[in-house]
A.B. asks: 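Following this message is one structure expressed as structure tokens.
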Amino acid sequence: MAQKPSIPKGTRDFTPAEMANRNYIFNTIKDVFRLYGFQQIETPAMENLSTLMGKYGEEGDKLLFKILNSGDFLNGLSDNELLERNSPKLTTKISEKGLRYDLTVPFARFVVQNRDKITFPFKRYQIQPVWRADRPQRGRYREFYQCDVDVVGSDSLLNELELIQIVDEVYRRLKIKVVIKINNRKILSGIAEIIGEAEKITDITVAIDKMDKIGLEKVNEEIASKGISQQAIDKLQPILKLSGTNSEKLNQLKAVLSYSEIGMKGIAELETIFGLCEAMKVDTAIELDLTLARGLNYYTGAIFEVKALDVEIGSITGGGRYDNLTGVFGMEGVSGVGISFGADRIYDVLNQLELYPENSVENTRVLFVSFGEKELMYCLPWLNALRAKGINTEIYPESAKMKKQMSYADNKHIPYVAIVGETEMNEGKVMLKNMKSGEQQLCTLNELLAIIQ
RNA sequence: GUGGUUAUAGCUCAGUCGGUUAGAGCGUCGGAUUGUGGUUCCGAAGGUCGCGGGUUCGAGCCCCGUUUUCCACCCCA
């Protein structure tokens, strides 16, 4: 055998059956997005590296797939530069493009670049693959789809509400039980401020984000290792051990954060959002979770994460508010808030729970079986007529044996087979076989339509 | 990037202590059945045992390297 073909690690092929299931997810999500007035855009798979670099932290830069310049990419490089073996420095000289890492940064770029063509508040959705040079493992791929919805150019917390409603509706339709975890970056900032470590906020949030995984003790260890004083860590404890309902937690927080203006603002925002959700009777449980920090450093207000209740897979949706995302591209003062559905993880969840609907509408409804040139010419107008009625129809393209043609129909789960031979042609009919019951009858075109429609 | 793990037919996997010609199920193809699939029966094709090197009289099996798979960490959807 020749060399076995393969695909890059962390990437996947999708069979027709798998695509039917994936499209079910994408269509469900899309339908809900449109229901709330969001419009679709697309951006290129590759962006200039200058757009991407520095937006995801230094870790993110490493996880970017970089595209080698075309042609003689070593042209203009001195031998000295090559001998230095300084990869990051060399990278900037031999690669100027990279594959997108998420949809949010390209979207920010899009807004800045197309500001003359869009009306604010701009509500867009975007469903495209993103790429990360990560090491793949369960629920983690190097190529995966994100389904982003964002609103830019509006500070209103109504947007946060609508995003929560979208989450609520999407997972209701997909029949996945979830919990929405919510937090607010301003509260985290307030906490850092109160304990006197305002500038260590990132370290603190990264550490407490791991609360679920490694527990209180290890979180404290990690915080300490970042050079935060024991005194500050002590002050942090009551906050990490918060309990009760959302409003109980908020009240406890109010007591702790009363001297932090920003912290109190975060609390007020959360109270508003909870109030709105209650008024709108959002079904899904919403849980204030201070350990929710998320790595992306551009969130400034609400932070969301959605976890599936019945499957262990990490978060399947995440997002938040970022006050000045377009600022890095020279457009100040535009606030945005958005969330991203991880289609591939949702796909894994649905696979594990087998929650797909039965009807595969995309499938062929009728297969014509025929035995030769004459029969073929007889069938083709029938195919035209059925397709004109919007019925998915195909004909087996070779005059193969009946057994083979029937097996083909069977494997493709085609519910009806129309058999055409001498007898049928003489009568101007076809023999229609129901593949499930095995019954068959001679039909005119209208009789056939009546049966299969 | 760090640590561990895996690799045998298209797929899922057996393969004893290192011993002759590497097996099964499923799938594919052909036949039983020239116009009837899903069930059954018969038969066939399909392998550089991931790749490269080493140890040995002899390696799918042991050793080294490399690639790959999966898992944990980092990080994340």
Side-chain angles (χ1 to χ4, degrees), chain A residues 1-12 15 25 29 56-64 87-88 100-104 127-148 202 205-207 209-210 213-214 218 222 292-297 304-308 313-320 338-349 367 369-372 375 396 399-425 430-440 442:
Chain A
M1 193 196 350
Q3 204 183 11
K4 263 195 190 179
S6 65
I7 54 178
K9 62 168 142 187
T11 66
R12 293 153 299 161
T15 61
I25 297 170
I29 291 173
Y56 309 104
E58 54 181 302
E59 199 65 38
D61 285 354
K62 279 192 237 159
L63 297 179
L64 283 170
S87 297
R100 73 166 98 77
Y101 178 90
D102 72 357
L103 299 179
T104 309
I127 298 177
Q128 290 189 272
V130 304
W131 293 269
R132 296 183 187 177
D134 221 351
R135 195 165 282 223
Q137 43 183 282
R138 174 182 296 282
R140 173 175 293 192
Y141 306 99
R142 293 180 121 179
E143 177 186 61
F144 61 96
Y145 273 76
Q146 290 193 328
C147 312
D148 273 34
T202 310
T205 54
V206 167
D209 195 23
K210 296 175 194 161
K213 239 181 194 168
I214 63 178
K218 295 264 177 160
E222 181 157 337
L292 189 73
R294 308 187 56 74
L296 300 180
N297 44 25
F304 305 106
E305 190 165 294
V306 179
K307 297 199 95 169
I313 197 163
S315 83
I316 52 179
T317 295
I339 50 171
S340 178
F341 288 81
D344 296 84
R345 285 190 178 172
I346 294 172
Y347 174 69
D348 289 346
V349 169
L367 173 79
V369 163
S370 80
F371 309 107
E375 290 86 350
Y396 198 88
S399 40
K401 283 186 182 156
M402 172 80 87
K403 179 187 168 80
K404 183 152 176 127
Q405 302 195 41
M406 295 297 281
S407 303
Y408 175 84
D410 200 46
N411 285 334
K412 272 186 95 171
H413 301 115
I414 297 172
Y416 294 98
V417 169
I419 301 162
V420 174
E422 201 73 32
T423 353
E424 288 81 8
M425 289 195 292
V430 299
M431 181 64 80
L432 185 70
K433 173 162 179 151
N434 180 323
M435 291 297 277
K436 201 160 180 186
S437 65
E439 290 162 10
Q440 56 186 47
L442 265 179

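Below, each value reflects all heavy atoms present in this structure, side chains not excepted, and no hydrogens, waters or symmetry copies. The structure presented is a predicted model; accordingly, all values stated were derived computationally and were not measured. Letters A, B, ... are given to chains in the order of the sequence lines, protein chains preceding strands, and every chain is numbered from 1.
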A.B. asks: Can you name the ring-ring contact (aromatic ring centres under 6.0 Å, His included) partners of F144(A), sequence neighbours left out?
C.D. replies: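 ring-ring contact (aromatic ring centres under 6.0 Å, His included) check on F144(A) returns nothing, list empty.
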A.B. asks: K436(A) near the nucleic acid: base, sugar-phosphate alone, or nothing, with a heavy-atom cut-off under 4.0 Å?
C.D. replies: base
A.B. asks: Rounded to the nearest angstrom, tell me the gap between atom CD in Q146(A) and atom P in A77(B).
C.D. replies: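 Result: 7 Å.
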A.B. asks: Take atom CE of M431(A) and atom P of G37(B), then tell me their distance rounded to the nearest Å.
C.D. replies: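 Interatomic distance, CE of M431(A) to P of G37(B): 15 Å.
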A.B. asks: Considering only atom C1', compute the distance from C51(B) to G43(B) and round it to an integer number of Å.
C.D. replies: 36 Å
A.B. asks: With rounding to the nearest 0.5 Å, note down the distance linking CD1 in I419(A) to CD in Q440(A).
C.D. replies: 5.0 Å
A.B. asks: Can you measure from OG1 (T317(A)) to CD (Q146(A)) and round to the nearest 0.5 angstrom?
C.D. replies: 10.0 Å
A.B. asks: For the side chain of R135(A), starting at C-beta, report the closest nucleotide among C73(B), U36(B), G38(B).
C.D. replies: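 Per side-chain heavy atoms of R135(A), the pick is C73(B).
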A.B. asks: The side chain of K9(A) is closest to which nucleotide in this list: U36(B), U69(B), C74(B)?
C.D. replies: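 For K9(A), the side-chain atoms sit closest to U69(B).
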A.B. asks: Starting at NZ of K433(A) and ending at C1' of G37(B), how long is that distance when rounded to a whole Å?
C.D. replies: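 That distance rounds to 6 Å.
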A.B. asks: Hey, does the side-chain of Q405(A) have a donor or acceptor N/O within less than 3.5 Å of a partner on the base of G35(B)?
C.D. replies: no
A.B. asks: Kindly say whether, by distance alone, the side chain of S407(A) makes a donor-acceptor pair under 3.5 Å with the base of G38(B)?
C.D. replies: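 For S407(A), whose side chain was compared with the base of G38(B), there is no donor-acceptor pair (under 3.5 Å).
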A.B. asks: Taking the minimum atom-to-atom distance to the side chain of S315(A), which one of A77(B), G37(B), A72(B) wins?
C.D. replies: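 For the S315(A) side chain, the nearest candidate turns out to be A77(B).
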A.B. asks: Let me know the distance between CG of L442(A) and P of G35(B), rounded to the nearest Å.
C.D. replies: 18 Å
A.B. asks: Can you spot which of M406(A), K412(A), K404(A) makes a side chain to side chain contact (heavy atoms under 4.5 Å, CB included) with Y408(A)?
C.D. replies: K412(A)
A.B. asks: Evaluate whether the aromatic ring of F144(A) and the six-membered ring of the A77(B) base sit under 5.5 Å apart, centre to centre, with an inclination under 30°.
C.D. replies: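 Aromatic stack with A77(B) present for F144(A).
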A.B. asks: Check nucleotides 27-32 of chain B against the protein and report each pair of N or O atoms closer than 3.5 Å, with its distance, or say if there are none.
C.D. replies:
unit_1: C29(B); atom_1: OP1; unit_2: K404(A); atom_2: NZ; d: 3.3
unit_1: G31(B); atom_1: OP1; unit_2: K401(A); atom_2: NZ; d: 2.5
unit_1: G31(B); atom_1: OP2; unit_2: K401(A); atom_2: NZ; d: 3.1

A.B. asks: When all nucleic acid strands are considered with a 4.0 Å heavy-atom cut-off, which category describes G139(A): base, sugar-phosphate, or nothing?
C.D. replies: base
A.B. asks: Looking only at N and O atoms, is any donor in the side chain of D410(A) or the base of G37(B) less than 3.5 Å from an acceptor on the other one?
C.D. replies: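 Side chain to base: pair found, below 3.5 Å.
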A.B. asks: Could you check whether D134(A) gets within reach of a base, just the sugar-phosphate, or nothing at all, counting any heavy atom under 4.0 Å?
C.D. replies: base
A.B. asks: Within the side chain of R142(A), is there an N or O that forms a donor-acceptor pair under 3.5 Å with the backbone of P136(A)?
C.D. replies: no
A.B. asks: For atom P, what is the distance between C11(B) and G27(B), given to the nearest Å?
C.D. replies: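 It comes out at 15 Å once rounded to the nearest Å.
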A.B. asks: Under 4.0 Å, heavy atoms only, any strand: does E439(A) hit a base, just the sugar-phosphate, or nothing?
C.D. replies: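 Counting heavy atoms under 4.0 Å across all strands, no contact is made by E439(A).
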A.B. asks: Tell whether R132(A) reaches the base of A77(B) with its side chain through a donor-acceptor pair below 3.5 angstrom.
C.D. replies: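 Per atom types, the contact qualifies.
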A.B. asks: In whole angstrom, give the distance that lies between atom CZ of F304(A) and atom P of C76(B).
C.D. replies: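 Taking atom P of C76(B) as the reference, CZ of F304(A) is at 18 Å.
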A.B. asks: Atom CZ of R140(A) and atom C1' of C71(B): how far apart are they, to the nearest Å?
C.D. replies: 12 Å
A.B. asks: Could you check which of G1(B), G35(B), G37(B) has an atom nearest any side-chain atom of F371(A)?
C.D. replies: G35(B)
A.B. asks: Please report the distance, rounded to the nearest Å, between CD in E424(A) and C1' in U36(B).
C.D. replies: 11 Å
A.B. asks: At under 4.0 Å, does any side-chain N or O of Q440(A) touch on OP1 or OP2 of U36(B)?
C.D. replies: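 Negative; the distance criterion is not met.
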A.B. asks: Should the side chain of R345(A) and the base of C76(B) be counted as holding a donor-acceptor pair, with the cut-off at 3.5 Å?
C.D. replies: yes
A.B. asks: G1(B) C1' sits how many Å from L64(A) CG, rounded?
C.D. replies: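 Checked: the CG to C1' distance equals 15 Å.
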A.B. asks: Counting any heavy atom closer than 4.0 Å, what does Y145(A) reach on the DNA or RNA strands: base, sugar-phosphate only, or nothing?
C.D. replies: nothing
A.B. asks: Does R138(A) reach a base, just sugar-phosphate, or nothing at all? Heavy atoms under 4.0 Å.
C.D. replies: sugar-phosphate
A.B. asks: So what is the 5' to 3' dot-bracket string for RNA chain B, if pairs are Watson-Crick or G-U wobble with both distances under 3.5 Å, crossing pairs use [ ] and | means the partner sits on another strand?
C.D. replies: ((((..(..((((.....[...)))).(((((.......))))).....(((((..]....))))))..))))....
